[in-house]
Amino acid sequence: MELSKRFDFKTVDAKWSKDWEDKNLFHAKADTGKPPYTIVIPPPNVTGILHMGHALNNTLQDIIIRYKRMKGFEALWMPGTDHAGIATQNVVEKALAKEGKKRHDLGREAFLEKLWAWKKQYGDTIINQLKKIGASCDWKRTRFTMDDAYSNAVKEVFVRLYEKDLIYRGTYIINWCPRCHTALSDEEAEHKDTKGHLYHIRYPLKENPDQFIVVATTRPETMLGDTAVAVNPKDERYQNLIGKILILPLVNREIPIITDELVDREFGSGAVKVTPAHDPNDYQMGKRHNLEFINIMHPDGKINEQGGVYNGLDRFVARKKILEDLEAQGLLVKTDDHLHAVGHCYRCDTVVEPYLSKQWFVRMTPLAQPGIEAVKDGRIKFYPERWSKVYLNWMEGIRDWCISRQIWWGHRIPVWYCQDCQMEIVVKDTPAACPKCHSKNLKQDEDVLDTWFSSWLWPFATLGWPQENADLKYFYPTSSLFTASEIIFFWVARMIMAGFEFRGDIPFSDVYIHGTVRDAKGRKMSKSLGNAIDPLEIIEEYGADALRFSLIINSGQDLFISKEKFEIGRNFANKIWNASRLILMNAQTIDPSFKLSAIKNMPDLDLPSKWIISRLYTTIKDVSDAIEHYRYSEAESLIYEFFWNNFCDWYLEIIKNDWANPTTQNIVFKILAESLKIIHPFMPFVTEEIWENIKKSGQSELCIQPWPTVEDNLIDPQAEKNMRILIEHIVSIRNSRAEWEIKPNEELSCQFASSSAAVRNILENNIGLLKSLAKIKDPVILPSLSQTQNVIRNVFEDSENAISLEGVIDVEKEKGRILKQLDEYKKAEQGLADRLANAAFVEKAPAEVVAKDKERLQDLQKKIEKLQQAIKGLI
RNA sequence: GGGCGGUUAGCUCAGUUGGUAGAGCUCUUGACUUACAUUCAAGCGGCCGUAGGUUCGAGUCCUGCACCGCCCACCA
């Protein structure tokens, strides 16, 4: 048994990915008798490759699913990908554009073929990348949101909601992306603060063209569609103008001055131009006042024939031209700088246009109700808890969801229109004839559904719904969901609604919201900014374990990542590897039946062994607890501290000369084995590889080993405390050695001085350890400098090797240090004394606290006394 | 305009029921001690953003303020 000199993660990672998959170790079956634990992956888009956010997201899921698997759950992690409607269509269109083609050149069918080819390629790439980071998904179950079975679920849902009158079709103002040529939901329009201008424009009165009303607008081009001007009914300034007719400049349309509560008297001029077809507020006003709705734009954002001379101009070109024309006519009063929120397409960043069009909507208010209650009463919990507030705010003010998209890649809306009687037929499968007039002249709706209209079914559609099969019954509801905060509205909230609507229950009980991965400057990582660190590059250079460990240890809140941050993971993997090498080199006679619990209470077991065993189980306990509470970075810190600082830096050093002892070998070996188990969820590859070399013959892979159980008698707080005292003294001896340069062959007598008999006892019982680790023949315990002086004087006084203390100690430096320390002690002493003199404190504070303070005070006084002596000795 | 998060060592961050501040990196000093230089030993370095309040005692609880960041929102 021997490990190679270096941890060769490249071959090791690939080897275990393959082994786990070949042996089907992550396949979960229904009704195994074990309790189920289920996670569904947030399906990555098939647009491209995995980024750092995916690496984080999937590592978090992998940690808990590996943990639960080892804990004895039937752990299912459902993998898959999302067709990501607009996003994917956009990237394929871009690729097509390079060939100088547009999607309409190909036609719908041929274009969709291209998309499926793309999906095949990138879907596979993404799955492979997930495997590379070590994701222990049930790969045989890999789903895609446009699989046949999945599409069936989508259609089922559409029909059901339609039949309950929760889906309707209507003409409303929606967010329109002129570049993607499609409607967007409210969530898909990202509002960004944008520097713009507020233009003040004169609209002349019909009865007297020399009289004006001034309106303020940020989008002057929309005036082509104005059908009124509104003022607040209480605005004194405009009382005499209400009801009068204006002549709309450039267009010469007659429009009335109306009143509406919506108008803010303070803003701008207090008069608003009303464009019912191009602004959501104006739309409301238009409805209220029965105004005309004039659509002035083509779907691509160019002005249409309603725009008169501006016909054919792009909206922004038209804006410029209109301003010039108004200026020329003396109608542009002034232009102010103005910061305002402008909606942008979340997929292509084009400025969205509020646009009047006929779309399909889902009525959300009735769906939201059970989802609100479930979070309020704790059936669904958010981690961290504060996100539940964000969720509830959105749910309580929810608005109807525009679900139709004018693109080709997606689930086609299952609605047919009879061309003869205009009947609207909503059914899952293509109808043969119109049920009303029996016409066969039917035409399917051209649109597809919002990509989230399929994603919101993910937790149960992946398990086979609408069929009530064994998987669904066993694995659903799922256990936890891991995602980023950006996705709460798009996906989490809607999954909860779908869960209740179609399964009558929560879809998952815990929602863990992790931070966003940013660069060192705090900017979001993105391809366009060029600041993205590719997880695959990190894997290539440092290995997947290093990537995982480093990401998680930084994952408390948002992550500020630079390349150097991955060194900690690389170094830790290296440490684990080398410690294992050392152990395998030295531990040759292992008793397979050896148990730590059996020897733990052996009376002659040395303190360090008692200590490390206790530390191991304390760590196991704390790590388990941290994982259960979604405190992953804390779990890693605990592991790191235990394995590196306790096990490697202390225990392995302590037993350095004791390898021949079979008990030592057994202990070390067992501690390594148990450590590997708890490290495995975080760093699966390196631990699995080492396990391969230390496991008993016939034992299976580490990833399906049981999680270590903690028996309370394995934890020994007293041993941990004693060892801490010992370590403190060893450290102080090391330091003093460095100061006084005592040569190795010099004999020093051993003297213990400690305020506490218990401590002295510990030291005396471990004199051997003190000697070996302090690396001098007889160690000197240094409670104070003066005492040390005495020791040294006593030893060397009569000897010809006597050394002068002044010669080896920098007296001034030492004095300075002691004075500083003395000062601190005195301050602390004063504080404590004051407190103890305070009658209220002694009376009100818990007795133990008072007692502790008294003890501390005595301790301090002793220390001060010693230091004062030391100072005398120096002078 | 509303809501949320942050402000602790030069940097990145821990700090879980309030009890005299912790880690990693950086820097400085020492060690090539054959498991590991992706290492080991040690040192330097903090009135815990600011002003108040509660308390015997506040990084920790309450209030105001400042700065940074995020989310939501129909002031055109």
Side-chain angles (χ1 to χ4, degrees), chain A residues 3 5-7 173 187 191 198-199 215-219 222 230 262-275 279-285 338 340-341 354 384 386-387 389-390 393-394 397 485-486 488-489 515-516 518 520 522 524 542 546 553-554 556-562 564-565 567-586 625-626 629 631 633-634 637 640-641 645 648-649 652-653 656 731 734-735 737-739 775 824 827-829 831-832 834-846 848-850 852-853 856 860:
Chain A
L3 296 177
K5 176 106 175 138
R6 292 199 84 83
F7 172 45
I173 291 263
E187 292 69 40
H191 290 271
L198 190 60
Y199 304 99
V215 299
T217 181
T218 54
R219 294 189 297 151
T222 61
L262 204 69
V263 181
D264 179 357
R265 281 179 285 178
E266 307 300 319
F267 189 86
S269 60
V272 184
K273 57 189 270 314
V274 183
T275 323
D279 183 277
N281 289 325
D282 295 6
Y283 176 81
Q284 298 297 335
M285 285 196 257
H338 185 61
H340 61 145
R386 65 186 136 89
W387 291 108
K389 205 169 162 184
V390 175
N393 270 341
W394 186 78
S485 59
E486 299 102 87
I488 293 177
F489 307 145
T516 306
R518 301 172 182 283
K524 221 167 165 173
Y542 295 158
I553 205 150
N554 281 297
Q557 303 185 158
D558 280 0
L559 296 82
F560 297 83
I561 293 294
S562 56
E564 303 80 63
K565 292 232 169 155
E567 285 172 9
I568 188 169
R570 177 198 60 177
N571 296 356
F572 191 45
N574 179 256
K575 192 73 190 176
I576 296 168
W577 183 257
N578 278 296
S580 305
R581 279 186 67 212
L582 173 73
I583 294 166
L584 282 169
M585 281 167 161
N586 289 289
D625 195 60
H629 291 90
R631 297 199 298 253
S633 62
E634 186 185 318
S637 303
Y640 186 86
E641 154 108 24
N645 298 99
C648 293
D649 287 350
L652 292 182
E653 291 300 324
K656 210 162 198 166
V731 167
R734 279 180 183 162
N735 295 350
R737 223 184 98 67
E739 289 275 335
K775 301 229 171 103
E824 275 177 28
K827 255 195 272 173
E829 186 200 14
L832 274 171
D834 285 355
R835 195 189 303 176
L836 286 165
N838 187 330
F841 166 66
V842 178
E843 199 181 309
K844 287 187 188 174
E848 348 158 9
V849 174
V850 177
K852 211 165 137 192
D853 271 6
R856 259 193 224 147
L860 269 177

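Per chain, numbering begins at 1; letters A, B, ... match sequence-line order. All figures in this text were calculated on a predicted structure; none of them were measured in a lab.
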Contact class for A/Phe489 (heavy atom, under 4.0 Å): base, sugar-phosphate, or nothing?
sugar-phosphate
With both distances under 3.5 angstrom, what nucleotide forms a Watson-Crick or G-U wobble pair with B/U54?
none
Partner of B/G59 under the Watson-Crick or G-U wobble criteria, both distances under 3.5 Å, comes out as none
Using a 4.0 Å heavy-atom cut-off across all strands, classify A/Arg386 as base, sugar-phosphate, or nothing.
sugar-phosphate
Within a strict 4.5 Å, meaning less than it, do heavy atoms of the A/Ile488 and A/Trp387 side chains meet?
yes
B/U26 C1' sits how many Å from A/Glu564 CD, rounded?
12 Å
Considering only heavy atoms and no angle criterion, is a donor-acceptor pair shorter than 3.5 Å present between the side chain of A/Arg6 and the base of B/U38?
yes
Across all strands, who's sitting opposite B/A76 as a Watson-Crick or G-U wobble pair, both distances under 3.5 Å?
none
A/Lys565/A/Ile553 under side chain to side chain contact (heavy atoms under 4.5 Å, CB included): CA gap, chis, key distance, verdict:
CA-CA 10 Å; A/Lys565 292 232 169 155; A/Ile553 205 150; over 6 Å; no
Which nucleotide in the set B/U12, B/C74, B/A76 lies at the smallest distance from any side-chain heavy atom of A/Ala216?
B/A76
Closest listed nucleotide, where the reference is the side chain of A/Asn574 and the choices are B/A76, B/C13, B/U38
B/U38
Sidechain-backbone polar pair: A/Asp558 side chain, A/Thr516 backbone, donor-acceptor under 3.5 Å
yes
Using a heavy-atom cut-off of 4.0 Å across all strands, would you classify A/His340 as base, sugar-phosphate, or nothing?
sugar-phosphate
With rounding to whole Å, what would you report as the distance between B/C71 and B/U12 at their C1' atoms?
25 Å
Side chain of A/Lys389 (C-beta onward), nearest among B/G3, B/C36, B/U12:
B/G3
Nearest to side-chain heavy atoms of A/Ala579, which nucleotide of B/A35, B/U12, B/C74:
B/A35
What's the shortest heavy-atom distance between A/His338 and A/Leu198, and which atoms?
CB-N, 3.7 Å
Kindly indicate whether the side chain of A/Ile173, heavy atoms from C-beta on, has any atom under 4.5 Å from the side chain of A/Gln284.
no
Of all the nucleotides listed (B/U38, B/C4, B/U12), which has the minimum atom distance to the side chain of A/Arg570?
B/U38
Would you indicate what A/Val390 reaches in the nucleic acid, counting non-hydrogen atoms under 4.0 angstrom: base, sugar-phosphate, or nothing?
nothing
Distance between the C1' atoms of B/G15 and B/G52, in whole angstroms?
25 Å
What is the pairing partner of B/C13, taking Watson-Crick or G-U wobble pairs with both distances under 3.5 Å in any strand?
B/G22
Check every atom of B/C75, B/A35, B/G5 against the side chain of A/Asp264 and return the nucleotide holding the closest atom.
B/C75
Looking at B/C75, I'd like to know if its phosphate oxygens (OP1 or OP2) sit under 4.0 Å from a side-chain N or O belonging to A/His338.
no
What integer number of Å spans the P atoms of B/U38 and B/U8?
32 Å
Per A/Thr218 side chain, nearest of listed nucleotides B/C74, B/G24, B/A76
B/A76
Counting only Watson-Crick or G-U wobble pairs whose two distances fall under 3.5 Å, which nucleotide matches B/A31?
B/U39
Give A/Lys273 one of three labels, base, sugar-phosphate or nothing, depending on what nucleic acid heavy atoms sit under 4.0 Å from its own.
nothing
Taking atom C1' of B/C70 as reference, at what distance in whole Å does atom CD of A/Glu486 sit?
10 Å
Report yes if a side-chain nitrogen or oxygen of A/Lys575 is closer than 4.0 Å to either non-bridging phosphate oxygen (OP1 or OP2) of B/C36; otherwise report no.
no
Minimum heavy-atom distance A/Phe7-A/Trp577, with the two atoms named
N-NE1, 3.3 Å
Shortest non-hydrogen pair, A/Thr222 vs A/Arg219, comes out as OG1-O, 2.8 Å
Taking the same atom, P, in B/G10 and in B/G45, what whole-Å distance lies between them?
11 Å
Using the C1' atom as the point on both nucleotides, what is the distance between B/G69 and B/G49, in whole Å?
15 Å
Side chain of A/Val272 - closest among B/C36, B/A76, B/U38:
B/A76
Give me the distance, rounded to whole Å, that separates B/A21 from B/C13 when you measure between the C1' atoms they each carry.
14 Å
Among the nucleotides B/C40, B/A35, B/A73, whichever has the atom closest to the side chain of A/Asp649 is B/C40
Can you tell me if the side-chain N/O atoms of A/Asn393 get under 4.0 Å from OP1 or OP2 in B/G2?
no
Integer angstrom distance from the C1' of B/C44 to that of B/G5
33 Å
Tell me the partner of B/U7, counting only Watson-Crick (N1-N3 plus N6-O4 or O6-N4) or G-U wobble (N1-O2 and O6-N3) with both under 3.5 Å; none if nothing fits.
B/A66
Which value, in whole Å, describes the distance between the P atoms of nucleotides B/A58 and B/G53?
12 Å
Consider the side chain of A/Asn281, meaning its heavy atoms from C-beta on, and name the nucleotide among B/C75, B/C74, B/A73 that approaches it most closely.
B/C74
